[in-house]
2 protein chains.
Amino acid sequence: MSSNSGSGGGATGRIGIGLELDATHLKILEVLRENGRVSVSALAERVGISRANAYTRFEALRADGVIKRFTAEIDHQRAGLGIVALIFVTVRQQMWRQFRAQLAQMPEVEYCAITTGQHDAMIQVRMADVAEVHAMVTERLANIPAVKATETVFILDEVLRRPYVLPSDRERDRGRGAARRPTPSASPEPEQGPGPGQGQGQGLPLGKMRFVGAAEGRAALRDET
Amino acid sequence: MSSNSGSGGGATGRIGIGLELDATHLKILEVLRENGRVSVSALAERVGISRANAYTRFEALRADGVIKRFTAEIDHQRAGLGIVALIFVTVRQQMWRQFRAQLAQMPEVEYCAITTGQHDAMIQVRMADVAEVHAMVTERLANIPAVKATETVFILDEVLRRPYVLPSDRERDRGRGAARRPTPSASPEPEQGPGPGQGQGQGLPLGKMRFVGAAEGRAALRDET
DNA sequence: GTTGAAATTAGTACGAA
DNA sequence: TTCGTACTAATTTCAAC
């Protein structure tokens, strides 16, 4: 519950866009990203709107689900879970539902996403030591019939973690890298970019890039669970 | 800044454990994980301690860095960034510092971790559409000399995302899966688990599991940047 | 959408157990 | 250390503009 950004999560259907986000909304989200505990009064001041307005918008963002929850970011090392690992899972076809159900039973899993490419899903776990990761993979994951195979890599260092990314972050992007498209969002021109789900393994323009589509027979993955 | 759980981040040395976390601390973190905006009064009530004590502990957790920051969790789809991709990067040796520096310049990057295995780092980005991911990889990443090669997969669905995992989550684990070790943390027995950094590609007990160590010549990766 | 004033709640300080 | 209480400052709510 509470965390599905995708569409295949549960029974909750996706409703239409209930709230059009304007620049002020984004500004509010920007502040809330840095400090989720600011009072609405301070928020109003920072954003440059009145308190009542801030309260209204704050409530709207919350009620509309744009803000899903507030949380604390903690230092995992100090909390006793200093080992992070990524487990790439190959799931047996037509056992996705079971796979999801089993995942919900694993509180040590911090993140799980279904991906295109060689594997079907990526799981991120946080443990006290390396042996625990080993035990988790070989004892717990191995017992799930839906799991066909796994591949585990350890995270040596978490270089960067941003609370979340906003469309407004792009504004700070100008002038760097190659030339950018005039309209950063929803470009109407028929791009040559490869869509997810259509496998294509050949090299791309610059030679050192590679995009990996979904494994065969997994085109309708999103609707399966 | 502000996000390094690992050790290779910057110049800030790792100080000793400044705070021994007891059961009450964990309980506080548990509440804060679900609702980062609770008043300390409500927190005290939920945890079952006095208001004054809650203030003391809350401040201690904050001052000690166990709690790094508070933030809002948002629905990226509604915020206009519905496409998520993982970019696995192979980094040219001895160019890690430059790689890190470039990353800091990319606000669209939500997460970056250095990993063992076939690739050197994993980057998670969030964009408005697939074409933007393509542009980001081919135009921005390709221009970084430190980047030798990339492999991109798209995330079709984010099944699960927990704000963070706590050692106490393990308590809910009893009786499921295979038998667990008596002491969940810091097991003193010499386990046979493969450590990170020592490559080993052979199969493990159950046959369908695979652990992937660091690529050759990358043993001293943590000290490099 | 804004301002101001009342009611409530949060944060602090201190003595006692 | 932890608790309880009193005190001060801030926030939220609700009103009128």
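In what follows, chains are A, B, ... by sequence order, proteins preceding strands, each numbered from 1. Heavy atoms only: backbone and side chains are in, while hydrogens, waters and symmetry mates are out.
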Residue from A:I28, A:V66, A:L166 passing side-chain contact (heavy atoms from CB on, under 4.5 Å) with A:L21: A:V66

Whole-Å gap separating C1' (D:dG4) and CD (B:E45): 15 Å

Bend angle of the helix from C:dG1-D:dC17 to C:dA17-D:dT1, from helix axes over five pairs at each end, nearest 10°: 30°

Exam field: side chain B:R37 to backbone A:V38, donor-acceptor pair closer than 3.5 Å: yes

CA sep, side-chain torsions, deciding dist, call: A:F88, A:T115, side chain to side chain contact (heavy atoms under 4.5 Å, CB included): CA-CA 9 Å; A:F88 297 91; A:T115 66; 5.8 Å; no

Between C1' of D:dT1 and CD1 of B:I28, the distance in whole Å: 14 Å

B:E20 CD to D:dT1 C1', straight-line distance once rounded to whole Å: 16 Å

Gap between atoms CD and P, on B:E59 and D:dT1 respectively (whole Å): 16 Å

Short side-chain to backbone donor-acceptor contact, A:Y164 and B:E73, under 3.5 Å: no

Whole-Å gap separating P (C:dT3) and CG (A:N53): 10 Å

Annotated protein contacts, base or backbone, on nucleotides 7-17 of chain D with a non-hydrogen cut-off under 4.0 Å, one of B, S, - each: ----SBB----

Separation of atom CD1 in B:I49 from atom C1' in D:dC3, rounded to whole Å: 11 Å

Pair listing, side chain to side chain donor-acceptor pair (under 3.5 Å) test, anchored in residues 46-56 of chain A, at least two apart: A:N53-A:R57

Pair B:R170 + A:E108: basic N to acidic O under 4.0 Å: no

B:D22 side-chain N/O to B:T24 backbone N/O, donor-acceptor pair under 3.5 Å: yes

Closest contact, heavy atoms only, A:L81 versus B:P167: CD1-N, 3.6 Å

